[in-house]
Amino acid sequence: MPLTQRPPGPATTPRPPAAAWFPGPGPGPGAAPAPARGTGAGPLRLICVPYAGGTASVYRGWETALGADVRVVPVALPGRGPRLRERPYSAMRPLARDLAEALVDCELAHDYALFGHSMGALLAYEVACELRARGHETPRHLFVSGSAAPHLYGDRRDRTLSDADLRQLVQDLGGLGDDPAVAGAYLDRRLPVLRADLTVCEEYRWTPRPPLDCPMTAFSATRDPLATRPAVEAWRAYTAGSLLHHHLDGDHFFLNGPARPALLRALREELARHTAPTAPTAPAPRTPTAPAPTAPCATSPTPPTPEHAKRDSSWIC
């Protein structure tokens, strides 16, 4: 039987339980009360949103790399992983609305940061805007990776490609890793949900809103044709705070390749600014040293990693 070439219809009510969005251990309805807001009594939550066709398993192992002060909360989107039997969304507005509502219901919409790659970055931004519109806290930090700025979406029609051409596109972007045959078999099963996710991106149109008030960090890669350096730099207009732009060596799926350690190192450094305890005020030193000048919006290129480093497939759970 040929693979489905049309994305499933939009998700319909009744909505899934809020806890279904967050498959890892953590607070949810009926769980122990979360620490009081802003007290620093618990770790900072990093809500991680996958790319188009991706699963929550993309972020496996991140919590170990980011340290005890950060709790990684991967997002499980419908149509894949533990939610395989659910219909995926094909429009951004209901997807962002329902994910924001699930964060609130599971008491995750405070003392948190957001990370998203590719479509996940766009969704993370829309969720932050949705939470702000509902009167909830905005994230402490927004990390956008492998994604052009929101106003640059809507110029592609990849969802209309044939199965063969869509597979080739994913391979050209680096999504099949070191073993294209094995990864391609997994990808074939995900083509319908990938088309639905591409529909979310390709039919998205940015609605003008004030910039977010949280700092942002953006990641781009040297060989990514979907999110070029200037297109990622354009995120600067979406924050009233600072934007730090890291330009890493890699392709569109650089977060699964040799650049992953550099990405996680940058994340850990930025998150440490939000988790470090406030030290008591100390007397000024007698001979103060002038601090080195810093550029809060500087670009930080990362040296390339050896070519022989193993690259994971983006499509294998």
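For the numbers below, each heavy atom of this structure counts, side chains included, while hydrogens, waters and symmetry mates do not.
- We find the OG1-CG distance between T239 and D213 to be 7.5 Å, quoted to the nearest 0.5 Å.
- Using a 30° and 60° split on the angle between ring planes, F143 and H141 fall in the parallel class, below 30°.
- With values rounded to the nearest 0.5 angstrom, L244 atom CG is found 8.5 Å from R236 atom CZ.
- Of the possible donor and acceptor atoms, one in the side chain of S162 sits under 3.5 Å from a partner among the backbone N and O of D165.
- Between S220 and the choices H247, E233, H246, R229, the side chain to side chain donor-acceptor pair (under 3.5 Å) rule is met once, by H247.
- Side-chain contact between L187 and L194: present, with at least one pair of heavy atoms (C-beta onward) separated by less than 4.5 Å.
- Exactly one of R159, R190, R80 qualifies for a salt bridge (Lys or Arg N to Asp or Glu O under 4.0 Å) with D197. That residue is R80.
- Cluster annotation: L84 is not connected to L77 through the hydrophobic network of ILVMFWY side chains, with a link wherever side-chain heavy atoms come within less than 4.5 Å.
- Rounding to the nearest 0.5 Å gives a distance of 13.5 Å between CZ of R265 and CZ of R260.
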Check your understanding: For F115 and V144, what are the C-alpha separation, side-chain angles and deciding distance, and is it a side-chain contact (heavy atoms from CB on, under 4.5 Å)?
Key -> CA-CA 6 Å; F115 176 94; V144 293; over 6 Å; no
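- Closest heavy-atom contact between A113 and L271: CB-CD2, 4.2 Å.
- The neighbour count for R93 CZ, taken as heavy atoms of other residues, nucleotides or ligands under 6.0 Å away, does not exceed 12.
- Counting heavy-atom neighbours within 6.0 Å of R157 CZ, excluding the residue itself, gives a total above 12.
- Residues T217 and E270 come closest through the heavy atom pair OG1-CG, 3.8 Å.
- Side-chain contact between T222 and L248 is absent, with no heavy-atom pair separated by less than 4.5 Å.
- Both tests hold for R83 against W21: distance to the six-membered ring centre under 6.0 Å, angle to the ring axis within 45°.
- The minimum heavy-atom distance linking R167 with L176 is given by the pair O-CD1, 4.5 Å.
- Not counting sequence neighbours, the partners of Q168 by the side chain to side chain donor-acceptor pair (under 3.5 Å) test are D172.
- The main-chain N or O of P43 is never found under 3.5 Å from a side-chain atom of R45 such that the two would form a donor-acceptor pair.
- A heavy-atom distance below 4.5 Å is not found between the side chains of L99 and E126.
- In this structure, V73 and L46 have side chains that are not in contact, with every pair of non-hydrogen atoms separated by 4.5 Å or more.
- G53 and V193 get closest at one heavy-atom pair: CA-CG1, 4.4 Å.
- Between the side chain of E130 and the main chain of R97, no donor-acceptor pair closer than 3.5 Å is present.
- Between atom CG of residue L198 and atom OG1 of residue T160 there is a gap of 9.5 Å, rounded to the nearest 0.5 Å.
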Review point. How far apart are the C-alpha atoms of R132 and E137, what are their side-chain angles, what is the distance that settles it, and do they pass the side-chain contact (heavy atoms from CB on, under 4.5 Å) test?
Key: CA-CA 6 Å; R132 177 179 64 179; E137 292 181 23; over 6 Å; no
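- Across all their heavy atoms, G154 and R205 have their closest contact at CA-NH1, 3.4 Å.
- The cationic group of R189 lies under 6.0 Å from the six-membered ring centre of Y186 and within 45° of the ring axis, placing it in a cation-pi geometry.
- Counting heavy atoms from C-beta on, the side chains of T55 and P50 never come closer than 4.5 Å.
- D224 approaches G146 most closely through the heavy-atom pair OD2-CA, 4.1 Å.
- Ring planes of F254 and H117: perpendicular class, angle over 60° (limits at 30 and 60°).
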Exercise for review: Could you go through the side-chain contact (heavy atoms from CB on, under 4.5 Å) check for L173 and D251 one step at a time?
Suggested key: CA-CA 6 Å; L173 292 173; D251 51 37; over 6 Å; no
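- Remark: the Y153 side chain and the S147 side chain contain an N/O donor-acceptor pair separated by less than 3.5 Å.
- Cluster membership for F219 and L152, using ILVMFWY side-chain heavy atoms within less than 4.5 angstrom, is not shared.
- Not counting sequence neighbours, the partners of P150 by the side chain to side chain contact (heavy atoms under 4.5 Å, CB included) test are L122, Y125, Y204, W206, W235, Y238.
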Review point. Stepwise, does the side-chain contact (heavy atoms from CB on, under 4.5 Å) test hold for L161 with D158?
Key: CA-CA 5 Å; L161 294 173; D158 295 331; 4.1 Å; yes
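- In this structure the side chain of T138 never reaches within 4.5 angstrom of the side chain of L131, judged on heavy atoms.
- Using a 4.5 Å heavy-atom threshold, the side chains of R71 and L44 count as separate.
- Distance check: Y59 OH to I47 CD1 gives 11.5 Å after rounding to the nearest 0.5 Å.
- Inter-residue side-chain proximity for C214 and L142 is flagged as met; some heavy-atom pair is nearer than 4.5 Å.
- For the atom pair SG (C106) and CZ (F22), the distance works out to 5.5 Å, reported to the nearest 0.5 Å.
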